[in-house]
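It should be emphasised that the depicted structure is a prediction, and the values quoted were computed from it without experimental measurement. All values below come from the heavy atoms of this structure, side chains included, with hydrogens, waters and symmetry mates left out. Every chain is numbered from 1 and lettered A, B, ... according to where its sequence line falls, protein lines coming before strand lines.
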2 protein chains.
Amino acid sequence: MGKQMTEMLKGTLEGIVLALLTGSPAYGYEITTLLRAQGFTEIAEGTVYALLVRIEQKGLVDVEKRPSEKGPPRKVYTLNALGEKELDEFWNTWSFLSERLEQLRTGGK
Amino acid sequence: MGKQMTEMLKGTLEGIVLALLTGSPAYGYEITTLLRAQGFTEIAEGTVYALLVRIEQKGLVDVEKRPSEKGPPRKVYTLNALGEKELDEFWNTWSFLSERLEQLRTGGK
DNA sequence: ACTAGTACATAGTATCGCTAAGTAGCTGAT
DNA sequence: ATCAGCTACTTAGCGATACTATGTACTAGT
């Protein structure tokens, strides 16, 4: 992963994962796969699991353990009300930053 | 500053400052003022100065000390060739991330 | 003298993503 | 029966970055 991307993901990766979780619960390995499929090819597994631990501890998701046919049991994460609120705030923060940057890019000092 | 914004600025603030520097050199205090005028109202002075030290050490800017009528001498930063290259890469990284997030926001899993 | 505005510097802290290594369950090939 | 390979999760230690807090120093106005 480029160093720039690594730094830029700080703060946004959590939002990305929360966004992935809206509508459909998912488990860690699945989320990692999803991220890679969306172009974040170099996301480290450990990064995702650590993030999931964090958002669980912050109470943004509900967790349920379910058996897998193909390996160890999965931890399925579901976005809860607090998580949705956090995601809303994330989009607000993102929008603000995004607009400022777009303005900068198009020469609007 | 919201905690989300703080994290999200990691990686982007450097790009923002480099972008501010394109076309017109500026000094630290001025850059802080500019940032605040653009909505980053809670950017800490120390953050900007530390960042400037960093981009100088990375060789992305040229520095010139100029006397000020109103206080201590200013350190004026000018974007150089390496800095422009870094800025280009920043925009690439940003574009990628921005597109992915826009896709996520509009429901495109 | 004192305050306020201008201008820069830096030590210490918290957060977050990455690296690296490990544990564990299941399947298919040798 | 064993071993490789995929599935699935965990965690200690590291590096980079923004923030907090504080300090220094120059000038102008009261």
In terms of heavy-atom contacts, P72(A) and S68(A) come closest through O-CB, 3.5 Å
Show the nearest heavy-atom pair for residues A26(A) and I31(A), with the distance to one decimal. CB-CG1, 3.8 Å
Between [N] atom [atom2] and [X] atom [atom1], what is the distance in whole Å?
X: M5(A); N: dA16(D); atom1: CE; atom2: P; value: 18 Å
X: K65(B); N: dA9(C); atom1: NZ; atom2: C1'; value: 11 Å
X: Q4(A); N: dC16(C); atom1: CD; atom2: P; value: 21 Å
X: L18(B); N: dT17(D); atom1: CG; atom2: P; value: 12 Å
X: K75(B); N: dA25(D); atom1: NZ; atom2: C1'; value: 15 Å
X: L51(B); N: dT10(C); atom1: CG; atom2: C1'; value: 15 Å
X: K58(B); N: dG15(D); atom1: NZ; atom2: C1'; value: 13 Å
X: L34(A); N: dA8(D); atom1: CG; atom2: C1'; value: 15 Å

Are any of Y29(B)'s side-chain N or O atoms less than 4.0 Å away from OP1 or OP2 of dT6(C)?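 Answer is yes, contact under 4.0 Å.
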With sequence neighbours left out, write down each residue that passes side chain to side chain donor-acceptor pair (under 3.5 Å) with Y27(B), or none if nothing qualifies. R74(B)
For E99(B), side chain to side chain donor-acceptor pair (under 3.5 Å) partners two or more places apart: none
Strictly under 3.5 Å: I want the nitrogen or oxygen pairs between protein and nucleotides 12-15 of chain C, one per line.
{"unit_1": "dT15(C)", "atom_1": "O2", "unit_2": "K10(B)", "atom_2": "NZ", "d": "2.6"}

Sorted by first residue and then second, give each salt bridge (Lys or Arg N to Asp or Glu O under 4.0 Å) pair with at least one member in residues 24-38 of chain B; sequence neighbours left out. none
Answer yes or no: is there a donor N or O on one side and an acceptor on the other, between the side chain of T106(B) and the main chain of E102(B), under 3.5 Å? yes
Shortest side-chain distance from Y49(B), nucleotide among dT20(D), dT10(C), dT10(D): dT10(C)
Among the nucleotides dC18(C), dT6(C), dC9(D), which one has an atom lying closest to any side-chain atom of R74(B)? dT6(C)
If you pin A50(B) and Y27(B) to their nearest nucleotides in DNA chain C, which one's is more 5'?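 Nearest-nucleotide comparison on DNA chain C picks Y27(B).
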Give the table of side-chain donor-acceptor pairs shorter than 3.5 Å for residues 8-21 of chain B, with sequence neighbours excluded, one pair per line with atom names and distance.
{"unit_1": "K10(B)", "atom_1": "NZ", "unit_2": "E7(B)", "atom_2": "OE1", "d": "3.2"}
{"unit_1": "K10(B)", "atom_1": "NZ", "unit_2": "E7(B)", "atom_2": "OE2", "d": "3.3"}
{"unit_1": "T12(B)", "atom_1": "OG1", "unit_2": "M8(B)", "atom_2": "O", "d": "3.2"}
{"unit_1": "T12(B)", "atom_1": "OG1", "unit_2": "L9(B)", "atom_2": "O", "d": "3.2"}
{"unit_1": "E14(B)", "atom_1": "OE1", "unit_2": "K58(B)", "atom_2": "NZ", "d": "3.1"}
{"unit_1": "E14(B)", "atom_1": "OE2", "unit_2": "K58(B)", "atom_2": "NZ", "d": "3.3"}

For DNA chain D, which residues of residues 86-96 of chain A approach it to below 4.0 angstrom with any heavy atom?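 Here the set is empty: none.
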Determine, using ring centers only, whether F96(A) and F40(B) are less than 6.0 Å apart.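 Yes.
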With the side chain counted from C-beta on, respond yes when L104(B) and R100(B) share a heavy-atom pair under 4.5 Å apart, and no when they do not. no
Using atom types as modelled, flag every donor-acceptor pair under 3.5 Å from a side chain in residues 76-87 of chain B to any protein atom, sequence neighbours excluded.
{"unit_1": "N80(B)", "atom_1": "OD1", "unit_2": "L82(B)", "atom_2": "N", "d": "3.1"}
{"unit_1": "N80(B)", "atom_1": "OD1", "unit_2": "G83(B)", "atom_2": "N", "d": "2.9"}
{"unit_1": "N80(B)", "atom_1": "ND2", "unit_2": "G59(B)", "atom_2": "O", "d": "3.0"}
{"unit_1": "N80(B)", "atom_1": "ND2", "unit_2": "D62(B)", "atom_2": "OD1", "d": "3.2"}

For each nucleotide in nucleotides 22-30 of chain C, reading 5' to 3', give B when a protein heavy atom comes within less than 4.0 Å of its base, S when such contact involves only the sugar-phosphate, and - otherwise. --BBS----
Distance-only check: which donor-acceptor pairs under 3.5 Å involve side-chain atoms of residues 88-95 of chain A, not counting sequence neighbours?
{"unit_1": "T93(A)", "atom_1": "OG1", "unit_2": "E89(A)", "atom_2": "O", "d": "2.9"}
{"unit_1": "T93(A)", "atom_1": "OG1", "unit_2": "Q4(B)", "atom_2": "OE1", "d": "3.0"}
{"unit_1": "S95(A)", "atom_1": "OG", "unit_2": "W91(A)", "atom_2": "O", "d": "2.7"}
{"unit_1": "S95(A)", "atom_1": "OG", "unit_2": "R105(B)", "atom_2": "NH1", "d": "2.8"}

Do NZ/NE/NH1/NH2 and the carboxylate oxygens of E56(A) and R54(A) come within less than 4.0 Å?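 Not counted as a salt bridge, because no side-chain N and carboxylate O are separated by less than 4.0 Å.
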Does L13(A) reach a base, just sugar-phosphate, or nothing at all? Heavy atoms under 4.0 Å. sugar-phosphate
Regarding G46(B), tell me which of base, sugar-phosphate or nothing describes its non-hydrogen contacts under 4.0 Å with the strands shown.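 Answer is base: heavy atoms of G46(B) come under 4.0 Å of a base.
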